[in-house]
Amino acid sequence: MSVPSPVQIKEANAHLAAVHRRVSELERRLAAAENTVREQAESLIRKDEQLRAATQEITEAKDREITFLHEKLCSSEETIQKFQCIIKEKDGLILQLRHRSQILNNICKSRPLLDSMLSYIAEAERLGSVAGGGDTVMSMSIADELAHSNCSSNRLVNHKDFSLSEDDIDEQDLDETMFGTTV
């Protein structure tokens, strides 16, 4: 083997120095790249943690809102049920009041007839009994007639409590004709 010449040694040393510098430069760049990658990884980890925390908060807020809305929905359904029951009660009351209104309308339509009947009864009472000894016999026969016709003198005097249905109004015409012919 031959010994290298000083120029070759010098060139080899220069080449080694250049390789060493290049290796140092690459190691520095590698360290910088590793630092950048590490910083980016840490940044991504922090962002991932932040996103997970934000996602968790959003999920919890969503669950709370769903629970709140579910409770509100149940409460609203209960309120609707209560209102439907109230409406049914009010509808029943309306039907009763409508029936009573019809009765009052019928009473108002029959009022002139009742007033006329009451004035006749008052006139009959003012006239008093027929002369002769048959006062008690006559008043008993009138009382019997009133009892058979479902009328009482007490009810006729207090005309505010007197009410006629449509059937009673129809039957009243028959009663008046039979009353006139009854002995």
Side-chain angles (χ1 to χ4, degrees), residues 41-130 134-183:
E42 290 172 357
S43 174
L44 286 174
I45 289 171
R46 282 192 304 272
K47 285 183 180 179
D48 186 50
E49 289 173 356
Q50 290 173 349
L51 288 174
R52 284 184 185 183
T55 303
Q56 183 67 27
E57 287 179 22
I58 290 171
T59 302
E60 290 173 358
K62 175 196 63 126
D63 290 342
R64 284 191 304 269
E65 187 170 353
I66 286 173
T67 302
F68 171 74
L69 291 174
H70 184 263
E71 290 172 358
K72 192 172 182 179
L73 177 65
C74 290
S75 173
S76 297
E77 287 176 352
E78 288 176 10
T79 303
I80 287 170
Q81 290 295 326
K82 288 178 186 176
F83 284 147
Q84 286 177 340
C85 288
I86 290 172
I87 287 172
K88 285 181 183 178
E89 290 175 8
K90 297 293 182 180
D91 286 345
L93 181 61
I94 287 171
L95 288 175
Q96 289 178 354
L97 292 175
R98 190 173 288 152
H99 179 68
R100 288 182 181 182
S101 171
Q102 186 64 36
I103 291 172
L104 288 174
N105 284 337
N106 291 340
I107 290 172
C108 290
K109 289 176 186 175
S110 302
R111 177 149 183 162
L113 178 63
L114 293 174
D115 288 342
S116 173
M117 183 189 274
L118 289 173
S119 68
Y120 289 136
I121 291 172
E123 183 178 346
E125 287 178 351
R126 270 184 286 147
L127 291 176
S129 60
V130 178
D135 290 344
T136 55
V137 173
M138 182 59 91
S139 62
M140 290 177 107
S141 67
I142 292 174
D144 288 340
E145 281 297 322
L146 289 175
H148 289 310
S149 65
N150 290 332
C151 295
S152 70
S153 59
N154 293 338
R155 276 205 258 159
L156 290 176
V157 172
N158 189 2
H159 63 279
K160 292 179 183 173
D161 294 334
F162 186 81
S163 64
L164 294 175
S165 68
E166 291 179 19
D167 293 336
D168 291 335
I169 292 173
D170 293 339
E171 291 176 6
Q172 184 177 8
D173 295 333
L174 295 174
D175 288 341
E176 287 176 0
T177 58
M178 285 197 272
F179 184 75
T181 59
T182 306
V183 180

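This is a predicted model, so every value here is computed, not measured. In this chain, numbering begins with 1 at the start of the sequence shown.
Proximity of a side-chain donor or acceptor of Ser101 to a complementary backbone N or O of Leu97 within less than 3.5 Å is not detected. For the pair Thr79 (side chain) and Ser75 (backbone), a donor-acceptor distance under 3.5 Å is present. Under a 3.5 Å cut-off, the side chain of Ser76 and the backbone N or O of Lys72 do form a donor-acceptor pair.
Distance check, rounded to the nearest 0.5 Å: CG of Leu118 to CD of Glu125 gives 9.5 Å. Expressed to the nearest 0.5 Å, how far CD1 of Ile107 lies from CD of Gln102 amounts to 11.0 Å. With rounding to the nearest 0.5 Å, the separation of CD1 in Ile103 from SG in Cys108 is 12.0 Å. Note that CD of Glu71 is 9.5 Å distant from CG of Leu69, once rounded to the nearest 0.5 Å. Rounding to the nearest 0.5 Å gives a distance of 12.0 Å between CG of Leu104 and CZ of Arg111. In this structure, Gln81 CD and Glu77 CD are separated by 8.0 Å, a value rounded to the nearest 0.5 Å.
With a 4.5 Å cut-off on side-chain heavy atoms, Asp63 and Thr59 count as touching. Here the side chains of Asp115 and Ser119 are not in contact, with every heavy-atom distance at 4.5 Å or above. Side-chain contact between Ser43 and Arg46 is present, with heavy atoms from C-beta onward closer than 4.5 Å.
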For Glu89 and Leu93, run side chain to side chain contact (heavy atoms under 4.5 Å, CB included): C-alpha distance rounded to whole Å, both residues' side-chain angles, the deciding distance at 0.1 Å, then the answer.
-> CA-CA 6 Å; Glu89 290 175 8; Leu93 181 61; over 6 Å; no

Stepwise side chain to side chain contact (heavy atoms under 4.5 Å, CB included) test for His70 and Thr67 | CA-CA 5 Å; His70 184 263; Thr67 302; 5.7 Å; no

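Side-chain contact of Glu60 with Gln56: a donor-acceptor pair under 3.5 Å is present, judged by distance alone.
Considering Gln84, Glu78, Lys82 as possible partners of Ile80, the one that fulfils the side chain to side chain contact (heavy atoms under 4.5 Å, CB included) test is Gln84.
In terms of the side-chain contact (heavy atoms from CB on, under 4.5 Å) criterion, residue partners of Asp91 (sequence neighbours excluded) are, by chain and number, Ile87, Ile94.
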